[in-house]
Amino acid sequence: MESSFSYPELMSLVDDRKVAVAVSGGADSLLSMVLLKELGADVMAVHGCFLGTEKSKTAVAGLEVRCAELGIDLHVFDFTAEFNKMVIDPFVKDYFDGNTPNPCAQCNPQIKFGVLYDAVRKLGAEALSTGHYVRIADHAEYGRMIARGAEIGKDQSYFLSLVPKEKVLNAVFPLGNHSKSETYSELERRGLRIPLPTESQEICFVPDDNYRQFLMERNIKLPGPGNVVLSTGEKIGRHNGLWRYTHGQRKGLGIAWKEPLYVIEKDLERNLLVLGTKEELGASGCIADKVNFLVDFEKWPETVHIQTRYRQRSMPAKVRLDGENLVFEFVEKHSMPTPGQIVAAYTEDGAVLGGGIIRNAL
RNA sequence: UGGGGUGUCGCCAAGUUGGUAAGGCAACGGAUUUUGAUUCCGUCACUCGCAGGUUCAAGUCCUGCCAUCCCAG
């Protein structure tokens with residue numbers, strides 16, 4: 001089916017507003033800022049420090065140079081306390097509770113489109129711009145909404161599904177029509193050095209992409225070892241603490257079997273890690289809480305397309321509202337959703353209807 | 001210590017009438033990735049319980065020993 005959107009021109013979205021570009025030091029936000037500036041937008045740059053690391057200082061130093069060259073004011077904020085409280089602490093607690101948190105799901109609404117957004121407003125900016133690969137679209141039926149980025153492999157709308165509607169729909173995303181490789185070539189063409197050239201692709205606050213190490217260094221009493229069992233109850237090994245594993249995980253279980261085994265359940269009460277075959281990993285639905293609507297629920301189609309993990313192909317599911325929660329029933333069995341992860345709901349043609357946090361699979 | 005079975009990479013497991021060690025799992029490495037995972041690619045037994053023997057050639061045949069399992073006890 002052909003999409004029922006149109007994509008407004010970037011400058012028509014800016015609409016003469018003063019735009020604050022959130023620059024991290026990476027390629028994406030840098031190009032976003034450059035593009036807006038070149039198009040004549042009234043641009044300022046804002047950078048939030050979340051960690052106070054060396055890397056963060058490198059980013060600021062590099063950004064100061066770039067912004068000076070471009071004639072853009074750079075404002076730097078220290079949000080380490082907020083970041084700790086709103087992202088890192090819940091992250092740790094979630095793991096402790098046996099869930100698999102998605103820190104980006106907290107960071108986008110609470111930090112980038114939270115405290116940073118508020119700070120930007122105080123500076124007089126009317127719109128916030130980021131380097132997310134998503135597009136603002138005008139939908140024939142739903143009006144203005146968020147749609148997937150043009151490059152399907154790089155689309156980041158999943159992460160924005162929990163950002164409040166009034167904030168995200170007012171944002172400006174200059175990269176929605178770009179591909180990642182274009183981003184690099186565009187920067188190169190302009191001879192712009194990227195302050196932090198390596199793409200952030202691990203949890204930004206966890207060194208070496210090792211969340212287990214990170215949690216162990218936190219001085220909290222993490223749940224201890226227990227048995228690994230099959231769904232039949234047969235004991236087949238030991239685990240080192242349920243917080244080390246996540247639903248659907250295959251690697252790192254250390255158990256040799258006739259066929260690959262996946263984590264299908266974490267039984268916190270009995271401290272059991274339950275493994276099963278790919279077959280057994282299937283689920284027929286999930287329940288989500290902490291729901292956010294980008295389109296009023298009354299207007300949602302009965303069957304939506306959902307994504308329960310980043311970079312997963314979306315799949316159709318029937319949806320209904322149960323009190324504060326969303327209940328999804330998959331049209332076909334699907335790999336089990338993981339509690340703590342985002343479930344994002346889309347129209348068939350890729351506009352974001354809303355999202356929530358998966359509480360449990362059905 | 002009577003009868004029968006089995007012993008091939010960490011685990012499971014193919015190995016035809018002897019011809020020069022499949023595959024799966026795990027592990028490790030890499031690719032992909034703004035979370036955790038998934039997925040993909042690559043690497044993984046000069047050696048077949050041990051010791052002899054027969055053969056041009058033995059994991060595959062013979063002998064002995066060892067280990068282990070089952071049934072009898």
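Naming: A, B, ... by sequence-line order, numbering from 1 per chain.
- Taking atom CZ of residue A:F214 and atom C1' of nucleotide B:U35, one finds them 13 Å apart after rounding to whole Å.
- As rounded to the nearest Å, B:C9 and B:U47 have P atoms that lie 13 Å from one another.
- A donor-acceptor pair is defined here as one N or O able to donate and one able to accept, closer than 3.5 Å; no such pair exists between the side chain of A:N240 and the backbone of A:P225.
- Across B:G10, B:U38, B:U34, the shortest atom-to-atom separation from the side chain of A:A256 is found for B:G10.
- Of the C1' atoms belonging to B:G7 and B:U17, the separation is 24 Å, rounded to the nearest Å.
- In this structure, B:C50 and B:G64 make a Watson-Crick or G-U wobble pair, each of the two defining distances being under 3.5 angstrom.
- OP1 or OP2 of B:U35 has not a single side-chain nitrogen or oxygen of A:Y211 nearer than 4.0 Å.
- With both ends at atom P, the span from B:G2 to B:C65 equals 12 Å, rounded to whole Å.
- Taking the six-membered ring where the residue is Trp, A:F79 and A:F50 present parallel rings, their angle staying beneath 30° rather than reaching 60°.
- Pair assignment for B:U17: none, as no Watson-Crick or G-U wobble contacts are both less than 3.5 Å.
- Of the listed nucleotides (B:C12, B:G36, B:U34), B:C12 has the atom at the smallest distance from the side chain of A:K258.
- Residue-environment remark: CD (A:E166) exceeds the threshold of 12 foreign heavy atoms within 6.0 Å.
- Within the structure, every side-chain polar atom (N or O) of A:R244 is placed at least 4.0 Å from both OP1 and OP2 of B:G36.
- Separation of the P atoms belonging to B:G5 and B:C41 is 42 Å when rounded to the nearest angstrom.
- Pairing of B:U43, defined by two Watson-Crick or G-U wobble distances under 3.5 Å, is identified with B:A27.
- A:P101 comes within 4.0 angstrom of a nucleotide base, judged by non-hydrogen atoms across all strands.
- In this model, the phosphate group of B:A26 is not approached by any side-chain N or O of A:Y262 to a distance below 4.0 Å at OP1 or OP2.
- For B:U63 and B:A26, the P atoms lie 41 Å apart once the distance is rounded to whole Å.
- Distances shown here put a side-chain N or O of A:K278 below 4.0 Å from the OP1 or OP2 atom of B:U39.
- One finds no side-chain N or O of A:R250 lying less than 4.0 angstrom from the OP1 or OP2 phosphate oxygen of B:G36.
- Between A:W243 atom CH2 and B:A37 atom P there is a gap of 12 Å when expressed in whole angstrom units.
- Searching all strands for a Watson-Crick or G-U wobble partner of B:G2 with both distances below 3.5 Å returns B:C71.
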**Request:** Kindly determine whether A:R320 and A:E302 satisfy salt bridge (Lys or Arg N to Asp or Glu O under 4.0 Å), including the steps that lead there.
**Result:** CA-CA 8 Å; A:R320 66 170 203 274; A:E302 197 177 317; over 6 Å; no

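- Atom CG in A:N99 sits about 11 Å away from atom C1' in B:G36, given to the nearest Å.
- Spacing of P atoms, B:G23 relative to B:G18, comes out at 24 Å, to the nearest Å.
- Residue A:G153 is out of contact with every strand shown, counting any heavy-atom pair closer than 4.0 Å.
- Separating the P atom of B:G36 from that of B:C44 is a span of 29 Å, rounded to the nearest Å.
- At least one test fails for A:K167 against the ring of A:F113: distance under 6.0 Å to the centre or angle within 45° of the axis.
- Residue-to-nucleotide contacts include a donor-acceptor pair under 3.5 Å from the side chain of A:Q341 to the base of B:U35.
- Checking A:Q249 against A:L261, the closest nucleotide of RNA chain B that is more toward the 5' end is the one next to A:L261.
- Side-chain N/O atoms of A:K154 include one lying less than 4.0 angstrom from OP1 or OP2 on B:U34.
- At a threshold of 4.5 Å between side-chain heavy atoms, the hydrophobic network of Ile, Leu, Val, Met, Phe, Trp and Tyr places A:Y346 and A:F328 in two separate groups.
- Nucleic acid contact class of A:F91 (heavy atoms, under 4.0 Å, all strands): none.
- Mapped onto RNA chain B by nearest heavy atom, A:I255 and A:T338 fall at different nucleotides, with A:I255 at the one closer to the 5' end.
- With P as the reference atom, B:G59 and B:U1 are 33 Å apart, rounded to whole Å.
- Separating the NZ atom of A:K251 from the C1' atom of B:A26 is a distance of 8 Å, rounded to the nearest angstrom.
- Dense packing is recorded around CD of A:E69, with more than 12 heavy atoms of other residues, nucleotides or ligands lying under 6.0 Å away.
- Listed pair A:R309 / B:G36 fails the phosphate criterion, with no side-chain N or O lying under 4.0 Å from OP1 or OP2.
- B:G36 atom P lies 16 Å from atom CD of A:Q312, rounded to whole Å.
- Looking at heavy-atom distances under 4.0 Å, A:L253 makes contact with sugar-phosphate atoms alone, never a base.
- Per the geometry, CZ belonging to A:R311 stands 14 Å off C1' belonging to B:G36, to the nearest Å.
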